[in-house]
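Below is one structure, written out as structure tokens; the observations come after it.
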Amino acid sequence: MTRWILGSVAATALLTGAAIAKTDVTIGLQLEPPHLDPTSAAAGAIDQVLYANVFEGLMRFASDGSVVNGLAKDWDISEDGKTYTFTLHEGVKFHDGTDLDASDVVFSLDRARAEDSVNAQKALFANIDTVEAVDPTTVKVTLAAPQGSFLFNMAWGDAVIVAPESIDDIKSMPIGTGAFKFDDWKQGDSITLVRNPDYWGDAATLEKATFKFISEPTAAFGAMMAEDVDAFYSYPAPENLAQFEADPRFTVLAGNTEGETILAMNNKQPPFDNKLVRQAVSHAISRQAVIDGAMFGYGTPIGSHFAPHNPAYVDLTGNSDYDPEKAKALLAEAGLPDGFKTTLKLPPPSYARRGGEIIAAQLRDVGIETEISNLEWAQWLEQAFRGKDFGLTIVSHTEPMDIGIYARPDYYFQYDNAELQKLMADFDVEADGETRNQMLQTAQTIISEDYVNAYLFQLALTSVVNAKLQGIWADAPTQAIDLTGVSWSE
């Protein structure tokens with residue numbers, strides 16, 4: 001009898017152990033979103049938490065960067081390439097229980113392209129002429145001109161579909177259609193999502209996901225080693241990666257991002273309104289020293305604002321090779337033989353803070369003195385991005401294939417080139433793939449030879465993940481930690 005009881009307890013324990021699989025995950029992130037509306041801010045941290053998890057668009061990016069259907073089940077394109085008719089999935093509900101229908105798509109796209117829109121990527125919607133709800137599951141979008149990148153544009157986080165009734169509280173209470181629902185935000189600490197039981201598509205395996213914000217690299221290391229977090233996306237201390245690689249508890253994912261890391265120059269602020277000065281700054285910087293010193297060798301040198309893994313990439317690093325003596329001669333030619341002083345405003349990521357110290361020393365060697373300001377993310381957005389109050393700044397532009405920002409004179413580095421603007425306008429309506437690639441190569445060459453900014457490196461994505469956690473993207477075709485396919489192995 002005693003043996004039967006003990007055997008039953010042991011069997012029960014084994015059955016319980018087999019039945020209980022981990023269903024929650026904690027993801028470490030260095031940056032906390034300033035708010036939770038991806039349609040009204042440029043902060044990539046918003047998409048990292050919410051893209052594909054809480055909010056969905058008509059289209060979406062897959063892990064390999066391809067554009068696949070999202071809320072749109074399918075679509076037809078008119079012969080003239082100007083009209084896209086989308087058929088929505090049926091039975092889609094927002095997290096508040098209301099139905100998604102074509103009127104929500106009309107509202108979202110019209111809001112994004114409105115004159116008073118604060119969408120950070122408003123240019124994505126500029127070619128839309130009209131948006132019409134044909135019936136509850138059919139939306140017709142008519143463009144002013146054919147646009148080869150329209151479906152690509154509709155996959156961005158800035159193009160997600162939102163409900164009119166949710167807008168007043170969207171920055172603190174996001175309501176989407178995704179596989180996860182927003183649950184809680186402990187500001188300064190974490191954001192929690194829970195599985196959406198009424199999701200229209202394949203249900204998520206995870207029941208709960210917590211994004212934990214840890215800004216200091218040393219704290220990130222401690223949290224991973226203690227297994228307080230299950231994964232640290234874009235791990236901020238690359239000097240520790242070898243230690244994680246040697247530890248069987250962890251897997252290090254080393255992938256590509258769309259993040260062109262640049263030393264941005266305010267093209268309308270003297271002396272950066274002088275091309276000779278911008279060229280001097282570019283030649284004063286050793287890209288490899290920045291990659292080695294700030295990123296411990298992780299990163300690919302770039303000579304223009306374009307990802308090296310893109311088929312249209314052109315290697316233009318030779319236009320701005322490291323040559324301090326040439327930099328000094330260019331400053332003298334610009335009438336600044338003794339150099340000048342400027343500001344260097346740095347957002348929180350370690351590539352910016354560490355890279356900024358290295359670049360400041362290199363610029364000092366050619367006579368350029370920088371006043372470094374270490375800003376929090378909200379401060380950087382307010383001062384540099386929106387206020388254009390900076391001389392120099394360092395940031396990674398992680399939006400996919402975003403060279404079109406150079407055709408926007410009001411963008412934060414304020415570059416105004418009519419030739420490039422026409423080129424990008426023509427690119428938007430060009431459908432032939434080879435012609436589009438040639439146009440992209442021309443655009444890269446123009447901005448490289450105009451020294452709009454100093455181009456540093458393509459940001460590598462190095463994430464540290466619990467070895468039993470599966471499905472975290474190795475690459476980042478967009479800023480997203482898509483948890484819809486993440487699960488724990490046995």
Looking only at heavy atoms, what is the nearest atom pair of [X] and [Y], with distance?
X: I161; Y: D104; value: CG2-O, 3.9 Å
X: P400; Y: F61; value: CG-CZ, 3.7 Å
X: V162; Y: I170; value: CG1-CD1, 3.8 Å
X: P477; Y: A62; value: CG-O, 3.3 Å
X: S396; Y: L459; value: OG-CD2, 3.7 Å
X: G391; Y: T343; value: N-OG1, 2.8 Å

Can you tell if the side chain of [X] reaches within under 4.5 Å of the side chain of [Y], non-hydrogen atoms only?
X: L363; Y: L344; value: no
X: Q48; Y: F211; value: no
X: V141; Y: V105; value: no
X: I472; Y: L483; value: yes
X: S234; Y: Q30; value: no
X: L420; Y: Y415; value: yes
X: V68; Y: R60; value: yes
X: V160; Y: S108; value: no

Let me confirm one number: the [atom1]-[atom2] distance from [X] to [Y], rounded to the nearest 0.5 Å.
X: T261; Y: I394; atom1: OG1; atom2: CD1; value: 9.0 Å
X: F457; Y: Y351; atom1: CZ; atom2: OH; value: 8.0 Å
X: Q458; Y: I291; atom1: CD; atom2: CD1; value: 10.5 Å
X: I262; Y: T393; atom1: CD1; atom2: OG1; value: 8.5 Å
X: W380; Y: S373; atom1: CH2; atom2: OG; value: 14.0 Å
X: H89; Y: T177; atom1: NE2; atom2: OG1; value: 10.0 Å

Between [X] and [Y], is there a donor-acceptor pair closer than 3.5 Å when you use the side chain of the first and the backbone of the second?
X: D475; Y: G255; value: no
X: T257; Y: A476; value: no
X: K328; Y: G339; value: no
X: D158; Y: K122; value: no
X: N453; Y: M265; value: yes
X: E258; Y: T478; value: no
X: K171; Y: P34; value: no
X: N53; Y: I481; value: yes
X: K345; Y: D389; value: yes
X: E260; Y: I403; value: no

Task: Criterion side-chain hydrogen bond (donor to acceptor under 3.5 Å, both in side chains) on W185 and E32, from CA distance to verdict - done: CA-CA 10 Å; W185 185 6; E32 180 175 15; 2.8 Å; yes
Open item on the list: Quick one, F152 with M59, criterion side-chain contact (heavy atoms from CB on, under 4.5 Å). Give me CA distance, side-chain angles, the key distance, then yes/no.
Closed with: CA-CA 8 Å; F152 175 86; M59 311 299 294; over 6 Å; no
Task: Q414 and N266 side chains, donor-acceptor separation under 3.5 Å - done: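 N266 vs Q414: donor-acceptor pair found between side chains.
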Open item on the list: Parallel, tilted or perpendicular, judged at 30° and 60°: which one describes the rings of Y84 and F86?
Closed with: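 Y84 vs F86 ring planes: parallel.
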Open item on the list: Taking D416 first and then K268, would you say they form a salt bridge - that is, a charged N and a carboxylate O separated by under 4.0 Å?
Closed with: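 Looking at D416 and K268, the cut-off is not met.
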Task: Check ion pair D450-R278 (N to O, under 4.0 angstrom) - done: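 R278 and D450: salt-bridged.
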Open item on the list: Using side-chain contact (heavy atoms from CB on, under 4.5 Å), reason through L88 and D101 one step at a time and then give a plain yes or no.
Closed with: CA-CA 8 Å; L88 305 178; D101 62 28; 5.6 Å; no
- [ ] Starting from the C-alpha separation in whole Å, work towards a yes-or-no answer on side-chain contact (heavy atoms from CB on, under 4.5 Å) for Y455 and I447.
- [x] CA-CA 10 Å; Y455 302 101; I447 65 173; 3.7 Å; yes
Open item on the list: Strictly by ring pair (Phe, Tyr, Trp, His ring centres under 6.0 Å), give each pair with a member in residues 282-308 just once, sequence neighbours left out.
Closed with: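 Found H305-H397, H305-Y406.
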Residues forming a side chain to side chain donor-acceptor pair (under 3.5 Å) with [X], sequence neighbours excluded:
X: N240; answer: Y235
X: T484; answer: D482
X: Q441; answer: none

- [ ] Walk me through it: do R287 and T317 pass the test side-chain hydrogen bond (donor to acceptor under 3.5 Å, both in side chains)?
- [x] CA-CA 9 Å; R287 295 182 181 90; T317 51; 5.1 Å; no
Open item on the list: Using ring-ring contact (aromatic ring centres under 6.0 Å, His included), reason through Y411 and F385 one step at a time and then give a plain yes or no.
Closed with: CA-CA 8 Å; Y411 202 64; F385 187 77; 5.6 Å; yes
Open item on the list: Tell me whether the count of non-hydrogen atoms from other residues, nucleotides or ligands lying under 6.0 Å of NZ in K140 goes above 12.
Closed with: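 No, because the 6.0 Å sphere around NZ of K140 holds 12 heavy atoms or fewer from other groups.
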- [ ] Kindly determine whether F340 and F272 satisfy ring-ring contact (aromatic ring centres under 6.0 Å, His included), including the steps that lead there.
- [x] CA-CA 11 Å; F340 61 93; F272 302 111; 5.6 Å; yes
Open item on the list: Taking the six-membered ring for Trp, are F125 and F150 closer than 6.0 Å centroid to centroid?
Closed with: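 No: the rings miss the under 6.0 Å criterion.
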- [ ] Test L31 against F213 for side-chain contact (heavy atoms from CB on, under 4.5 Å), laying out the working first.
- [x] CA-CA 6 Å; L31 296 180; F213 307 116; over 6 Å; no
Task: Candidate pair D74 and T87, rule side-chain hydrogen bond (donor to acceptor under 3.5 Å, both in side chains), full reasoning - done: CA-CA 5 Å; D74 53 46; T87 301; 3.2 Å; yes
- [ ] Provide the full list of side-chain hydrogen bond (donor to acceptor under 3.5 Å, both in side chains) pairs with a residue in residues 355-371, sequence neighbours left out, each pair given once.
- [x]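 Sorted result for residues 355-371: empty, none.
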Open item on the list: Strictly by salt bridge (Lys or Arg N to Asp or Glu O under 4.0 Å), give each pair with a member in residues 422-447 just once, sequence neighbours left out.
Closed with: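 Output for this query lists K422-D426.
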